[in-house]
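In this chain, numbering begins with 1 at the start of the sequence shown. Only this structure's heavy atoms are used, side chains among them; waters, hydrogens and symmetry mates stay out.
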Amino acid sequence: MGSKADKGAVVDDDDESSSSSSSPKASDALPLPLYLTNGIFFTLFFSVAYFLLHRWRDKIRNSIPLHVLNLSELAAIICLIASFIYLLGFFGIDFVQSFINKSDDHHHHGFILCPSPPKTKRVVVKMDHLPPQDEEEEEEEIVKRVVSGEIPSYSLESRLGDCFKAAKIRRQAVQQLTERSLEGLGLEGFDYDSILGQCCEMPVGYVQIPVGIAGPLLLNGCEFSVPMATTEGCLVASTNRGCKAIYASGGATAVLLRDGMTRAPVVRFDTANRATDLKFFLEDPLNFDTLSLVFNKSSRFARLQGIQCAIAGKNLYIRFSCSTGDAMGMNMVSKGVQNVLDFLQNDFPDMDVIGISGNFCSDKKPAAVNWIEGRGKSVVCEAVVSGDIVTKVLKTTVPALVELNMLKNLAGSAIAGALGGFNAHAANIVSAVFIATGQDPAQNIESSHCITMMEAVNDGNDLHVSVTMPSIEVGTVGGGTHLASQSACLNLLGVKGASKESPGSNSQLLATIVAGSVLAGELSLMSAISAGQLDKSHMKYNRSNRDIAKTCSLD
């Protein structure tokens, strides 16, 4: 810690304008009167510029190289640069500051009211301009100004230049405003710099979620220890039991069927006839190569795979599908789509782009198009579990599992009108692995589309079990995958970052691991239900014996 005179306090633009010293200008370094200094440098700048232009015109006429300079020309260039720097310093600083101040005046200074924080100017004033105070008093003063609305909450990071301090001050302000305590919510021990501008805005702490390990999962001849972040008792233990049964039976096999992220803008025309013109143009194979070139310019890894169109009156929904390397790819495909829309505007100037996403994609919503066409990675995973393992490890029988699967996962889901939910609890495993590895938890909705099949094989002695998942949306780069904890979980699976040898292979492997984990979870839960163990397990592992009355106070 330095002396108090070395510390800085952050103030807003209004305080800066009322400070005793004005903003520094280039003229402040010269002892001459301001009007005289300006006149000298104005005259110098234009006279030297005229002289150089005149000299260079003569050189061009006489075929003399421009880079050959005599002493007077060299001195003129130096004077030109010096006068330009002076004029830029004198007029440029005031112009930029006035522009920023004018921009700031249009922002609403409320607490947690700005959905998209604008860029703010960080102003640091030395402590010798303010009354002496220690660091704690300084923080208390900033908290008061945040509570009063004088300093916007969203601007703390840019104003303070310290993400942890910003989270700490914002947390205190929230507690004062709500009169509610955040005690118990983690604050220290987290790298807030790593989430700035990427993962979370206006943080006040972090939530602790325990991570358990299920496995080893024997998949395609390789063993994986699967990290699962969850607060549900029995989930990791149940998945682990399924992994044990699969391992003892020789392992599971997973096959990647498709790999393509989608984005579907909606455009509108004056007539349905014009909308169909664009539909036929986009679906014409002769135009695909041209559209691919336009689309693929958006990224080194984005590669257009196909275009599917749907008409609703004079509105056209265009579903683009593309490969995205090891990224989940939403931003990547959106950029490619925007390139194509800009290109189409030349031949279809009457096309009105209503939105870059028209829900025909479809993202973070249950949709038949994802169930049928797929989105992200489409995977099928299977295993043959021997009858002895079903009896000894899973504590049930092959006929009982087959019958339960038919009546519960297939017929029961059909009666419920399920969309992609022909399974026991695929979303449980998908969510746990997603949170542990930094995926978008909301994409669990379509990523958990799964149909679980069970069939007696080998004269009814063994069980063939499979899960088919058409829309697993995962990536090993981007989003939350770079955070320390999530990166560690990806590293545990051997899929951290982007694959240099085979771009896209890490995210594809992660998708198969998700499917293999779901297979293990389905097998174990179905066995527990079949054997009547579900309620006993949850009563034992999913209920707390601690007296929670002391932790339920409202302070």
Side-chain angles (χ1 to χ4, degrees), residues 207-219 223-248 252 254 379 381 383 385 393-396 401 404-405 408-409 413 420-452 454 465 467 469 472 474 480 485-486 488-490 492-493 510-546 548:
V207 174
Q208 297 173 329
I209 302 179
V211 176
I213 298 295
L217 171 66
L218 184 57
L219 182 68
E223 295 183 11
F224 300 97
S225 295
V226 183
M228 301 175 66
T230 182
T231 56
E232 179 182 352
C234 293
L235 180 59
V236 178
S238 177
T239 306
N240 187 69
R241 184 176 74 150
C243 290
K244 179 180 179 181
I246 292 172
Y247 193 103
V379 181
C381 185
V385 183
V393 177
L394 301 177
K395 310 301 181 182
T396 186
L401 280 175
L404 177 64
N405 186 73
K408 170 183 168 61
N409 289 342
S413 297
F422 296 88
N423 57 79
H425 71 149
N428 245 341
I429 293 88
V430 172
S431 296
V433 177
F434 269 32
I435 295 172
T437 58
Q439 310 304 312
D440 188 339
Q443 290 185 324
N444 159 72
I445 295 175
E446 62 266 40
S447 296
S448 296
H449 282 183
C450 170
I451 182 167
T452 300
M454 293 184 181
V465 55
V467 292
M469 306 179 69
I472 302 176
V474 293
S485 300
Q486 290 81 346
C489 291
L490 289 170
L492 177 65
L493 294 172
L510 178 58
T512 62
I513 293 172
V514 171
S517 303
V518 169
L519 181 71
E522 289 288 280
L523 182 62
S524 183
L525 177 59
M526 292 293 287
S527 298
I529 295 174
S530 175
Q533 299 172 336
L534 180 64
D535 185 61
K536 294 179 181 178
S537 298
H538 276 276
M539 291 297 292
K540 180 178 180 181
Y541 293 107
N542 206 27
R543 288 177 60 87
S544 174
N545 294 320
R546 296 176 57 191
I548 63 172

- prompt: Any side-chain heavy-atom pair from Val467 and Asn423 closer than 4.5 angstrom?
  reply: no
- request: Please round to the nearest 0.5 Å and tell me the distance separating atom OG of Ser530 and atom NZ of Lys408.
  value: 12.0 Å
message: Counting C-beta onward and ignoring hydrogens, is there a side-chain heavy-atom pair between Asn240 and Ile213 closer than 4.5 Å?
response: no
task: Could you give me the CA-CA distance, side-chain angles and deciding distance for Gln486 and Thr437, then say whether side chain to side chain donor-acceptor pair (under 3.5 Å) is met?
output: CA-CA 5 Å; Gln486 290 81 346; Thr437 58; over 6 Å; no
query: Do Pro227 and Leu493 have side-chain heavy atoms sitting under 4.5 Å apart?
result: yes
query: Closest approach of Pro216 and Tyr247, non-hydrogen atoms and distance?
result: O-CD1, 3.8 Å
- prompt: Are the side chains of Val226 and Val433 in touch, meaning some heavy atoms are under 4.5 Å apart?
  reply: yes
message: To the nearest 0.5 Å, what is the distance between CD on Glu522 and CG on Asn405?
response: 8.0 Å
- prompt: Looking only at heavy atoms, what is the nearest atom pair of Ile472 and Ala511, with distance?
  reply: CD1-O, 3.6 Å
task: May I ask you to test the Leu404-Met454 pair for a side-chain heavy-atom distance under 4.5 Å?
output: no
query: If you measure from SG on Cys450 to CZ on Phe422, what distance do you get to the nearest 0.5 Å?
result: 11.0 Å
- prompt: At their closest point, which heavy atom of Pro441 faces which heavy atom of Gln439, and how far apart are they?
  reply: CD-O, 3.1 Å
- line: Here the pair of heavy atoms bringing Met228 nearest to Leu235 is CE-CG, 3.9 Å
- line: In this structure, CD1 of Ile529 is separated from OG1 of Thr396 (nearest 0.5 Å) by 11.0 Å
query: Taking Met469 as the fixed residue, which of Ile451, Leu519, Val518 is the one that meets the side-chain contact (heavy atoms from CB on, under 4.5 Å) rule?
result: Val518
query: Tell me, do Ile445 and Gln443 make a side-chain contact under 4.5 Å, heavy atoms counted?
result: no
message: Checking Lys395 against Arg241 for the side chain to side chain contact (heavy atoms under 4.5 Å, CB included) test, could you report, in this order, the C-alpha distance in whole Å, the side-chain angles of both residues, the deciding distance, and whether it holds?
response: CA-CA 11 Å; Lys395 310 301 181 182; Arg241 184 176 74 150; 4.3 Å; yes
message: Between Ile435 and Ile209, is there a side-chain heavy-atom distance shorter than 4.5 Å?
response: yes
Leu525 to Ala424 - nearest heavy-atom pair and separation: CD2-CB, 3.8 Å
message: Checking Ser413 now: which residues fulfil side chain to side chain donor-acceptor pair (under 3.5 Å) with it, not counting sequence neighbours?
response: none
message: Taking side-chain contact (heavy atoms from CB on, under 4.5 Å) as the definition, give me every residue that meets it alongside Ser485, ordered by chain and number, with sequence neighbours left out.
response: none
message: Donor-acceptor pair, distance only, cut-off 3.5 Å: does the side chain of His449 make one with the backbone of Gly421?
response: no
Check: Phe224 and Leu219 side chains under 4.5 Å, non-hydrogen atoms: yes
message: Under a 3.5 Å cutoff, is there a donor and acceptor pairing between the side chains of Ser431 and Asn444?
response: yes
field: Where Ala229 and Val211 come nearest, the two heavy atoms and their spacing
entry: CB-CG2, 4.0 Å
message: As an exercise, state the distance from CD1 of Ile246 to CG of Leu217, rounded to the nearest 0.5 Å.
response: 6.0 Å
- prompt: Side chain of Ser527, backbone of Leu523: donor and acceptor closer than 3.5 Å?
  reply: yes
